[in-house]
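Down below is the structure, laid out as structure tokens.
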Amino acid sequence: MIKATKVRIYPTPDQAEFLNRQFGAVRFAYNKALHIISSQYKRHGTKLKAKALQQACINLDKAFQSFFDPKLPARYPKFKRKHGKQSSYHCTSVSCGDDWIKIPKMGPIKARIHRQLEGNLTSITLSRTVTGEYYASLLHDDGVAAPVLIHDLDANQVLGLDMGLTHLAIDSSGNKTPNPRFLKKVSANLRRKQKSLFRCQKGSKGRAKARLKLAKAHQRLANARADFQHKLSRMIVDENQAVIVETLKVKNMLKNKKLSRHIADAGWSGLIQKLEYKAKEQGKHLIKIDRWFASSKTCSCCGHKLEALSLNVRDWQCPSCSTQHNRDINAALNIRAQGILKLKAAGLSVSANGGKRKTSHALAAA
Ligand SMILES: [Zn+2]
């Protein structure tokens, strides 16, 4: 399996200058290519493949592919800014030791390698955060084959997840994970820092300082969100063999300007991404349901579909089979049922007589 390990590096001033020149060149190529592709897109509405400019363009190409993929919640690529995050990719003559990494054309860079790297190092991506920290992401093939996907699934370990805003996730077992709303907690602070940045004169030292302060606050917010997503996805994947999520909803809801900020804060796509790679590491399944219009108003017991179900109705009774439903748990059950169909269509078996269901994480939080 190809694994990625990110380590902090400590370039000398000379090395940092060299890296920054390189970041600048990469940024230039990326922006140039974006300009070329954008004018083509705006003028003719057509896509232009960007292969000639190598990695910068491969990245930009990926960003455009995501944008054109209706299943992905990606936005139109933006120009990279001088003060934004920088990166450069190296895949030839790269190496690393106990406390250093090496890329072509410069001496070893000091690094804190916190984890033993196994197997072949295939590439190094260097980056500089907005707050001025340098990192190296080391991609290595550990030589161990990826675990075989679980073929006979225990239905008790197949989980449907309905993602929302009040609750970040409600699963088909009835567990509710509250939405931590990280942005809401720090938004006053961010707004204050943003204002003080605007008050500073362009090009002044004060402005640089204010920018750094704002960037650090944003970084802390992103770290807190990522940390939460890592813990939640770890628990969900550890307790289940297959997790089913709905993805189309995300892209559609992002189009709503009022909602998009809250959705970005909830971090659904970040959570799905982490669920996906953690599942893969254990031979488990992450199933994405593309299209499921009536997950809330279809009875998960008998399949009866209501004409309408207004948003404020949290509980309802099925007129056909009299089952009492909680709106969100019913939706999660429908998502789960769709996922099981998809698993079976792929030739896997899902049987009810398996192991016992473990108590789940979110019960405590609910
Ligand atoms: Zn029913």
Side-chain angles (χ1 to χ4, degrees), residues 73 159-191 221-237 239-240 243-275 286-301 305-306 308-318 323-339 359-366:
L159 195 75
L161 272 189
D162 182 38
M163 304 206 183
L165 290 176
T166 321
H167 285 98
L168 181 67
I170 293 184
D171 72 30
S172 49
S173 304
N175 301 311
K176 299 179 179 184
T177 305
N179 184 355
R181 295 189 189 272
F182 292 107
L183 183 63
K184 198 177 172 189
K185 282 172 196 159
V186 296
S187 64
N189 180 29
L190 286 178
R191 217 169 14 245
L221 170 66
N223 289 349
R225 194 182 285 135
D227 187 53
F228 175 81
Q229 289 173 352
H230 273 300
K231 285 175 181 156
L232 182 62
S233 58
R234 168 57 58 219
M235 275 188 286
I236 293 173
V237 169
E239 289 176 3
N240 295 283
V243 182
I244 331 283
V245 294
E246 201 181 22
T247 48
L248 196 75
K249 190 166 113 184
V250 181
K251 189 148 190 159
N252 281 333
M253 286 176 84
L254 275 176
K255 286 179 191 154
N256 179 334
K257 283 240 165 79
K258 272 184 193 162
L259 275 180
S260 67
R261 203 165 55 102
H262 296 289
I263 291 165
D265 188 33
W268 293 339
S269 40
L271 179 64
I272 292 173
Q273 212 178 18
K274 291 175 183 69
L275 284 169
L286 188 274
I287 307 291
K288 296 176 186 171
I289 307 287
D290 300 336
R291 203 176 276 271
W292 181 239
F293 296 112
S295 59
S296 303
K297 56 183 183 183
T298 301
C299 171
S300 56
C301 272
K305 198 174 141 190
L306 298 179
L309 181 66
S310 69
L311 269 171
N312 53 8
V313 178
R314 308 312 303 173
D315 297 283
W316 56 282
Q317 190 179 29
C318 174
T323 308
Q324 200 68 34
H325 288 301
N326 170 277
R327 180 197 189 90
D328 303 308
I329 298 170
N330 179 58
L333 282 167
N334 280 324
I335 290 168
R336 177 179 180 271
Q338 285 291 307
T359 28
S360 192
H361 57 281
L363 259 180

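Nothing fancy with the numbering, it's 1 onward along the sequence.
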Q.
Any heavy-atom pair between the side chains of Leu161 and Ile236 that's under 4.5 Å?
A. yes

Q | CG on Leu286 to NZ on Lys274, rounded to 0.5 Å | A | 12.5 Å

Q. How many angstroms lie between SG in Cys299 and NZ in Lys305, if you round to the nearest 0.5 Å?
A. 13.5 Å

**Q.** Value rounded to 0.5 Å, distance of OG in Ser173 from CD1 in Ile329
**A.** 9.5 Å

Q | Candidates Arg225, Lys231, His230 - the one meeting side chain to side chain donor-acceptor pair (under 3.5 Å) with Asp227 | A | Lys231

Q) How are the rings of His325 and Trp316 set relative to one another: parallel (under 30°), tilted (30 to 60°) or perpendicular (over 60°)? A) tilted

Q.
Any side-chain to backbone donor/acceptor pair from Arg336 onto Ile244? Under 3.5 Å, distance only.
A. no

(Q) I'd like to check Ser172 versus Ile335 (side-chain heavy atoms, cut-off strictly below 4.5 Å). Are they in contact? (A) no

Q: Return yes if some donor-acceptor pair links the side-chain N/O of Gln229 with the main-chain N/O of Gly267 below 3.5 Å, else return no.
A: yes

Q. Say you draw a straight line from CG of Leu333 to CG of Leu159; how long is it, rounded to the nearest 0.5 Å?
A. 9.5 Å

Q | Check: Met163 and Val245 side chains under 4.5 Å, non-hydrogen atoms | A | yes

Q: Can you see which heavy atom on Gly339 is nearest to which on Ile289, and at what distance?
A: N-CD1, 3.6 Å

Q: Go through the steps for Glu239 and Asn175 under the test side chain to side chain contact (heavy atoms under 4.5 Å, CB included), then give the verdict.
A: CA-CA 13 Å; Glu239 289 176 3; Asn175 301 311; 6.0 Å; no

Q: Output, in order, the C-alpha distance, side-chain angles, deciding distance and verdict of side chain to side chain contact (heavy atoms under 4.5 Å, CB included) for Leu190 and Leu183.
A: CA-CA 9 Å; Leu190 286 178; Leu183 183 63; 3.9 Å; yes

**Q.** Separation of Ser187 OG from Phe182 CZ (nearest 0.5 Å)
**A.** 14.0 Å

Q | Test side chain to side chain contact (heavy atoms under 4.5 Å, CB included) applied to Asp328 and Asp171, Thr166, Asp162, the passing residue | A | Asp162

Q: Check the surroundings of atom CD in Gln317: do more than 12 heavy atoms from other residues, nucleotides or ligands lie under 6.0 Å from it?
A: yes

(Q) If you define the side chain from C-beta out and look only at heavy atoms, does anything of Trp268 sit under 4.5 Å from Leu165? (A) yes

(Q) Just verifying a value: how many Å separate Arg327 CZ and Lys297 NZ, rounded to the nearest 0.5 Å? (A) 9.5 Å

Q: Please report the shortest heavy-atom distance between Val313 and Asp315, naming the atom on each side.
A: CG1-O, 3.3 Å

Q. With a 4.5 Å heavy-atom cut-off, do Leu232 and Leu168 have their side chains touching?
A. yes

